[in-house]
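When a residue number appears, it is its place in the shown sequence, counting from 1. Atoms within each ligand, like the ligands themselves, are counted from 1 in listed order.
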Amino acid sequence: MVFSHDTEMALLSAVNLINTAPTSVAEDGQVTGPDALETVASLDDFVRRERFSGSREHSAAEVQAVRAMRGELRTTFTADEEDAVGLVNGLLARAQALPQLVKHDEWDWHLHATAQAAPLAERMGVEAAMALVDVIRGKELQRLKVCAAPDCCAVVIDLSKNRSRRYCDTGNCGNRAHVAAYRLRKSTA
Ligand SMILES: [Zn+2]
Ligand SMILES: [Zn+2]
């Protein structure tokens with residue numbers, strides 16, 4: 001394990017949030033594709049899948065706030081170290097994050113840095129920011145990547161031992177790349 005279990009879960013959850021945005025890159029460089037976070041129902045699904053606890057509004061404003069946070073997290077994920085530090089510190093300061101050990105549902109003691117009554121977008125952002133604190137101080141920021149497929153801009157958290165992961169798992173990017181490489185080898189053989 002590269003990071004603590006909590007940190008890895010939070011990073012995977014942040015990746016899943018960021019990748020709800022369109023991730024297909026057209027030939028002209030435009031990002032296209034479906035947005036999986038457009039409605040209250042799709043946010044409900046996401047929250048259920050990612051098992052976020054705490055307060056909910058079930059409103060369009062809440063969806064908008066989560067979408068804004070999604071964009072902010074993408075910027076942080078793809079930033080260099082200095083910018084990432086500024087963004088993480090900014091997010092934690094804005095949310096007035098206060099780390100506390102908590103126990104809820106079936107989970108043993110773990111860290112929350114926002115109250116369960118804080119807005120969902122803020123809780124999502126702070127949880128990701130706390131995980132990014134671990135990543136940055138562990139000098140592991142290079143594990144946050146953008147998918148290597150030329151037509152995909154999904155983000156990837158590389159939790160492999162030798163930092164060898166290149167493709168996202170939102171679509172089939174790794175398989176497509178292997179098939180393309182195989183075809184190329186065959187056609188040049
Ligand atoms: Zn919790
Ligand atoms: Zn991809």
Side-chain angles (χ1 to χ4, degrees), residues 3-37 43-44 46-56 66 69-71 73-75 77-78 91-92 95-134 142-160 163-184:
F3 304 106
S4 75
H5 180 69
D6 289 358
T7 295
E8 293 194 351
M9 296 308 286
L11 290 170
L12 289 167
S13 194
V15 163
N16 289 342
L17 174 62
I18 294 167
N19 290 341
T20 59
T23 55
S24 298
V25 181
E27 300 236 314
D28 61 0
Q30 291 276 30
V31 178
T32 62
D35 188 319
L37 213 58
L43 180 59
D44 288 349
F46 183 81
V47 166
R48 202 176 312 116
R49 266 201 319 277
E50 297 297 326
R51 310 182 71 194
F52 274 97
S53 58
S55 74
R56 288 292 312 280
V66 171
M69 182 56 72
R70 171 178 83 174
L73 289 179
R74 183 179 177 96
T75 305
F77 258 64
T78 51
L91 211 162
L92 292 174
Q96 298 179 291
L98 176 67
Q100 297 281 293
L101 281 163
V102 295
K103 210 184 215 179
H104 62 85
D105 298 303
E106 75 271 34
W107 288 293
D108 204 349
W109 294 114
H110 61 286
L111 210 51
H112 277 198
T114 44
Q116 290 286 71
L120 176 66
E122 192 172 293
R123 282 183 281 119
M124 286 175 156
V126 168
E127 186 180 292
M130 293 295 285
L132 288 168
V133 164
D134 278 359
Q142 69 274 24
R143 289 182 181 275
L144 307 183
K145 304 175 179 180
V146 173
C147 179
D151 57 353
C152 178
C153 65
V155 294
V156 181
I157 170 76
D158 181 358
L159 297 173
S160 68
R163 300 185 177 83
S164 59
R165 178 140 185 226
R166 298 179 61 216
Y167 298 101
C168 72
D169 52 14
T170 54
N172 238 334
C173 292
N175 280 340
R176 282 192 296 118
H178 286 134
V179 169
Y182 174 74
R183 291 218 179 99
L184 189 68

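Judged by distance alone, the side chain of Arg70 and the main-chain N or O of Asn19 form no donor-acceptor pair under 3.5 Å.
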Which donor-acceptor pairs under 3.5 Å do the side chains of residues 99-109 make with protein atoms, sequence neighbours left out?
unit_1	atom_1	unit_2	atom_2	d
His104	NE2	His110	NE2	3.1
His104	NE2	His112	NE2	3.3
Glu106	OE2	Arg51	NH2	2.5

Less than 3.5 Å apart, which donor and acceptor atoms pair up between the side chains of residues 117-133 and the rest of the protein, not counting sequence neighbours?
unit_1	atom_1	unit_2	atom_2	d
Arg123	NE	Ala118	O	2.7
Arg123	NH1	Ser53	O	2.4
Arg123	NH2	Ser55	O	2.2
Arg123	NH2	Ser55	OG	3.4
Arg123	NH2	Ala118	O	3.4

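More than 12 heavy atoms of other residues, nucleotides or ligands lie within 6.0 Å of CZ in Arg165, so this atom counts as buried by the packing criterion.
Between the SG atom of Cys152 and the SG atom of Cys168, the angle taken at the Zn ion (ligand 2) works out to 110° after rounding to 10°.
Using a 4.5 Å cut-off on side-chain heavy atoms (C-beta onward), Pro22 and Thr32 make no contact. Between Cys153 and Val31 there is a side-chain heavy-atom pair separated by less than 4.5 Å.
Around the Zn ion (ligand 1), the protein N, O or S atoms found under 2.8 Å comprise His104 NE2, His110 NE2, His112 NE2.
Using a cut-off of 2.8 Å, one finds that Cys153 contributes no N/O/S atom close to the Zn ion (ligand 2).
Residues meeting the side chain to side chain donor-acceptor pair (under 3.5 Å) test with Asn175, sequence neighbours left out: Asn172.
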